[in-house]
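What follows is a short report on a single structure.
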Amino acid sequence: MSDVAPQLPKAYEPSAVEADLYADWERAGLFHAEPDASGEPFSIVIPPPNVTGSLHVGHALDNTIQDVIVRRERMRGKNAVWIPGTDHAGIATQMVVEKQLAAEGLTRHDLGREAFLERVWAWREESGGTILRQLRVLGCSPDWEREAFTFDEQRNRAVTKVFVDWYAQGLIYRGTRLINWDPALRTALSDIEVEHREITGELVHFRYPLVDGDGASDADGGIVVATTRVETMLGDTAIAVHPDDERYRHLVGRSVRHPFVEREIPIIADDYVDPAFGSGAVKITPAHDPNDHAIGERHGLAMLDVMDDAGAMSEAAGPFAGLDRFAARAAVKEALDGLGLLVEVKDHVHPVGHSQRSGVIVEPRLSDQWFVAVRSLAERAAEAVRDGLVTFVPERSARSFLEWLDGLHDWCISRQLWWGHRIPAWYGPDGELRVQAEQPEGEGWVQDEDVLDTWFSSQLWPFTAFGWPDATPELARWYPTSTLVTGYDINTFWVSRMLMAGLAFTDEVPFRVVHNHGLVRDEHGKKMSKSFGNVIDPLDLVEAYGADATRFALLRNAAPGIDVPLAEEWVEGAKRFVNKLWNAARFTISNLDGQRPGALPPEERRTLEDRWLLDALAAMHAEVDTAYDAYDWPVVARGIYRFVWDEFADWYLEAVKDRIYGDDVEAQRDARAVLAHVLEMTLRLAAPLLPFVTEAAWRPLTGSAGGAASLMAADWPEAAGQVNADARSRFAIVQGLVREVHRFRSQLRIAPSVRIELDVEPADATARAVLAEHAGLVRSLAGLGRLDVVDALPERAGSSSIVFPSGRASVPLEGVIDLEAEAARLRTERERALADVARLDAKLANEGFVSRAPADVVAKEREKRAAAERAVDELTARLAAFGVDA
RNA sequence: GGGCACGUAGCUCAGUGGGAGAGCGCUGCCUUCACACGGCAGAGGUCAGAGGUUCGAUACCUCUCGUGCCCACCA
């Protein structure tokens, strides 16, 4: 090794360099962008994580992808910005603080609204920013000078404006609707905050006695209904049957008597009822079931709310008042049984809505809330997707997205919480309602108690992050954003709302591309969760294996829209690759003798391995460029991996050693030029993915002192023009022979120290030319003492032969091998070759194949057949030479 | 109930209408001067199953089975 070799450590130590490199980039302002800088604009806004949260693998994946994209766009000369920020995360954050209070034996009501909010802000001060700091250790490069928060003053103004404007346009309204109620959190939820889970419940059949029934006939015995939530019968205000149902037609218009409360209930006819389900008669509870509610509206039924906000039965539930809804379920069933009205109880599996946040079963409840009328907004959003103004990667995401938009119901945006944007609605002393930014003049105005769904503010993020509603230079420059990177799981929660709001307030789509990645799971595809004990902390990974390895391991399996399996040992594998790259760079740099990357040697002075490597580099470059553009991370990762490890390190570095260590000065200089060029290109192409190790190698390679001369600020390489495909096939001849010699040695247990000698008989003129010209290369790669290219292999006792794709060779063995073992091996090989011949013969005898298959395919098969036959002959002869029968 | 994705080596995944590949793991040999976080070689697969299209299907079509996910107001 040259003595000018910089002192590069033998093993790459991420922890020793990452923090310094990151600080250097940041100091040099490489993350920062100005709107008036040159270059085509490119922008990404971070999906803002919960301000009080901490980094999990999902964040690591999402942000690594964004970082890779933005780093590459910067290198491509774009005026690229990545806006960081956090979300106040309404319910989630409030719950955390409430839990803290509970540990002190307090509830938020003990503190009161104002003190509680102070407490949340204090928690935000304490824990806020942690998650963004953690992004730094991953190497993420957002513009830290532009950090935003969904609940800061700027974003507050935006939220208020949107609410006031939409109200004025009739797109926000207040109304009494059946909403999803979370009895644990005591707040309304939107439809998508409800998760449906299959539950085995009971389908309870019971009988309502008819009013004025005489009990003499079956019909007068009453009418049987079925329900899974029998406690809701306390709020029944009708029984519905299908109008065509012969069984019940005569009962329509009569009434039944409620067994527990003083009420007569009419029997009505409605098309909604399915005569085939249950008894064909449905109890109608308009205040507690969406279908029943619709029927109630059609028939003008009373809407009787029989529960309170905690899910206990209210006064309206008569004798069951005060019981929790589930206790009431059991009690009502028992009471019905006591009255002889219980007919049948069957197990029944059905989906039940659960609160995404608290996990409790959601109660449909009639309630006064604020809504966004989504119809027109959703239609406009769908149109933008159909028109291709927004595209999805993977494309199929668009279809489910459109279907979802199509079935959208109005969005319930009010929450009975305290942490969030307070609704800008004011109630006057005489009951007047005003929606406006400021408290109205005069006495007695009271602001609405509720806050907005957290997604209400995050839907504005792509433009509020740039300062909207102010007309900022940033907004003009970088909005609409370029790409939104997010898991497919929040397309409905967030992406759809951003699209609707963006179109409504900016007349533009908020992003041109939505790149959906999958969810990070464990190595068997199982969801990571604390209870399974399979959670991986990305910070642990970075600490143990480095940021590059963590990034590489994540992206290596992150195909668009597909869940990403991750195991710690795979990150370890990624670290080995990083180390491989480091050592290939270290070897290269150490042998350059101060020579810097520059012009390649002229065509005529390039060796076969030079031309082969440059061709391989060009192929990798093209593949990786395309894959970067398509957000196809596994292909990017594999392309770089394969080139670095298999082609550059395993073959080229071995092949180049003769020239590097030799005394032909010009050859040495040429070899160094190719080495330096290829390493430099490789570092650039890998830089977005592996920012640290590439930067660490770039500096000694180029003599850069970092800062503004960092790899991070270097240009993205232009695609190489000409590739020499010829080199690939010629080098393959060399590789074919070298591999066979290795195999031969391994099979015959010939120690590497034994320099074997070879007579080679090439199969054709090309192989002859290549092997004659590059005998030295083959000798050094295969560890040969001698290589002679001959017209015909010499007949020699005690020699064995090697068959390789472009010819055969003979090796004098001088009794160093086990003849028995070799003969057995030859026999097996010969049998295999015979089977090949038979198979290919059968195929070529098939007229359909010969006449219909493309000519080149048939020719290929014929060649294979000829080769197999030659192999049989060869092996037969070799066995004979061993004095053994085939 | 509707929809989407997926079943290829022990594990995680590539792949193409012409007898299947990689990484990890496993086995053997190698302290070869960039790397033992390494090198070379090897074992291991009826490409989920059944039909169909085709001269030929792991690949295209249909069905079945299995897995995962999303959506959903039939009591």
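Just so it is clear, the values below take in all heavy atoms, side chains as well, and ignore hydrogens, waters and symmetry mates. Labels below follow one simple rule: chain letters A, B, ... track the order of the sequence lines, proteins then strands, and each chain is numbered from 1.
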Distance check, [atom1] atoms only: [N] and [M], in whole angstrom units.
| N | M | atom1 | result |
| --- | --- | --- | --- |
| B/C33 | B/G38 | C1' | 14 Å |
| B/A57 | B/U62 | C1' | 14 Å |
| B/C6 | B/A14 | P | 9 Å |
| B/U53 | B/G1 | P | 32 Å |
| B/A20 | B/A59 | P | 15 Å |

Nearest-angstrom distance from the residue atom [atom1] of [X] to [atom2] of [N]:
| X | N | atom1 | atom2 | answer |
| --- | --- | --- | --- | --- |
| A/D271 | B/C74 | CG | P | 18 Å |
| A/D191 | B/C70 | CG | P | 16 Å |
| A/I660 | B/U32 | CD1 | P | 21 Å |
| A/I239 | B/C74 | CD1 | P | 20 Å |
| A/W645 | B/C40 | CH2 | P | 10 Å |
| A/D489 | B/C4 | CG | C1' | 15 Å |
| A/F587 | B/U32 | CZ | C1' | 13 Å |
| A/R743 | B/A43 | CZ | C1' | 13 Å |

query = In the 5'-to-3' direction, what one-character label does each nucleotide of nucleotides 10-18 of chain B receive under the scheme B = base within less than 4.0 Å of a protein heavy atom, S = sugar-phosphate only, - = no such atom?
reply = -SSSS---B

Any-strand Watson-Crick or G-U partner of [N], both distances under 3.5 Å:
| N | result |
| --- | --- |
| B/C35 | none |
| B/G51 | B/C61 |
| B/G66 | B/C6 |
| B/A22 | B/U12 |

Give a yes or no on whether the backbone of [Y] and the side-chain of [X] come within a donor-acceptor separation of less than 3.5 Å.
| X | Y | value |
| --- | --- | --- |
| A/D548 | A/F692 | yes |
| A/R551 | A/L689 | yes |
| A/S851 | A/E847 | yes |

task = Can you run down the salt bridge (Lys or Arg N to Asp or Glu O under 4.0 Å) pairs that involve residues 398-407 of chain A, sequence neighbours left out, and say none if there aren't any?
result = none

Go through [options] for me and flag the one nearest to the [X] side chain.
| X | options | value |
| --- | --- | --- |
| A/V273 | B/G23, B/A75, B/G28 | B/A75 |
| A/S746 | B/A5, B/A34, B/A41 | B/A41 |
| A/F277 | B/C69, B/A75, B/G25 | B/A75 |

NA contact type, [X], heavy-atom cut-off 4.0 Å: base, sugar-phosphate, or nothing?
| X | value |
| --- | --- |
| A/H288 | nothing |
| A/P351 | base |
| A/R745 | nothing |
| A/H742 | sugar-phosphate |
| A/D274 | base |

ask   = Between A/D292 and A/Y272, do the side chains contain an N or O donor and an N or O acceptor separated by less than 3.5 Å?
value = no

task = May I ask you to check whether A/T200 and A/D347 show a side-chain donor-acceptor distance below 3.5 Å?
result = no

ask   = OP1, OP2 of B/G2 versus side-chain N and O of A/W404: anything below 4.0 Å?
value =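 For B/G2, OP1/OP2 do not have a side-chain N/O of A/W404 under 4.0 Å.
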
5′-ward residue of the pair A/R399/A/R521 relative to RNA chain B = A/R399

ask   = With nearest nucleotides of RNA chain B determined for A/E198 and A/T227 from heavy-atom distances, which residue corresponds to the more 5′ nucleotide?
value = A/E198

inquiry  = Taking A/E202 first and then A/K346, would you say they form a salt bridge - that is, a charged N and a carboxylate O separated by under 4.0 Å?
reply    =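 A salt bridge is absent here (no side-chain N lies under 4.0 Å from a carboxylate O).
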
request  = Check whether NZ of the Lys or CZ of the Arg A/K657 lies under 6.0 Å from the centre of the six-membered ring of A/F587 and within 45 degrees of that ring's axis.
outcome  =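 The answer is yes, since A/K657 meets both limits relative to A/F587.
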
note = All heavy atoms of A/D245 vs all of A/P275, minimum pair found to be OD2-CB, 3.6 Å

task = Could you pull out the closest heavy-atom pair between A/A655 and A/L777, with the gap in Å?
result = CB-CD1, 3.7 Å

note = Residues of residues 650-657 of chain A with a heavy atom under 4.0 Å from any atom of RNA chain B, listed by number, are A/D650, A/L653, A/E654, A/K657

remark   = Within residues 10-18 of chain A, the residues having a heavy atom closer than 4.0 Å to RNA chain B are A/K10, A/A11

ask   = What about A/K580: does its side chain form a donor-acceptor pair under 3.5 Å with the base of B/C37?
value = no

query = In chain order, what residues pass the ring-ring contact (aromatic ring centres under 6.0 Å, His included) check against A/H196, with sequence neighbours excluded?
reply =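 A/H196: no ring-ring contact (aromatic ring centres under 6.0 Å, His included) contacts found.
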
ask   = Relative to each other, are the rings of A/H348 and A/H350 parallel, tilted or perpendicular (30° and 60° limits)?
value =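 Ring orientation of A/H348 relative to A/H350: tilted.
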
ask   = salt bridge (charged side-chain N to carboxylate O under 4.0 Å, His left out) with A/R865: which of A/E861, A/E863, A/E869?
value =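 Output: one option passes, namely A/E869.
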
remark   = side chain to side chain donor-acceptor pair (under 3.5 Å) filter on A/K575, not counting sequence neighbours, yields none

